[in-house]
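Keep in mind it's a predicted model, so treat the numbers as computed, not measured. Hydrogens, waters and symmetry mates play no part in the numbers below; they use all other heavy atoms, side chains included. In this chain, numbering begins with 1 at the start of the sequence shown.
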Amino acid sequence: MLARNRRALAPIRKALTAQGIEVCDYSTMDQLAAGLAEHRFGAVLLEGEPEHLELSLGWLQMQAHAQTAIVIVGAGGAAAIADALT
């Protein structure tokens, strides 16, 4: 998980770990980059503002493995998140 607001994602973290899913926390893109270089993730969960997500998504599309799902969580609204994805 790459999150600026870890408290907001606490319920998601709890649900994932309850299912036996290992969760790694990252606060910066540099930390996530190091994690992607070392590990093969099944998914990357992003939380943040739409303008931050746009930069993150572009970078992730180049760095993440093809089988890695990218999940976006945020209060930016569906339209802003859709803009970030394109």
How close do [X] and [Y] get, counting heavy atoms only, and between which atoms?
X   : Y   : value
C24 : F41 : SG-CE2, 4.1 Å
D25 : M1  : OD1-CE, 3.2 Å
Y26 : H39 : OH-CD2, 4.4 Å

**OP:** Calculate, to the nearest 0.5 Å, the distance between atoms CD and OG1 belonging to E22 and T17 respectively.
**Re:** 11.0 Å

Subject >> Gap between atom CG of L16 and atom CD1 of I12 - 0.5 Å precision >> reply: 7.5 Å

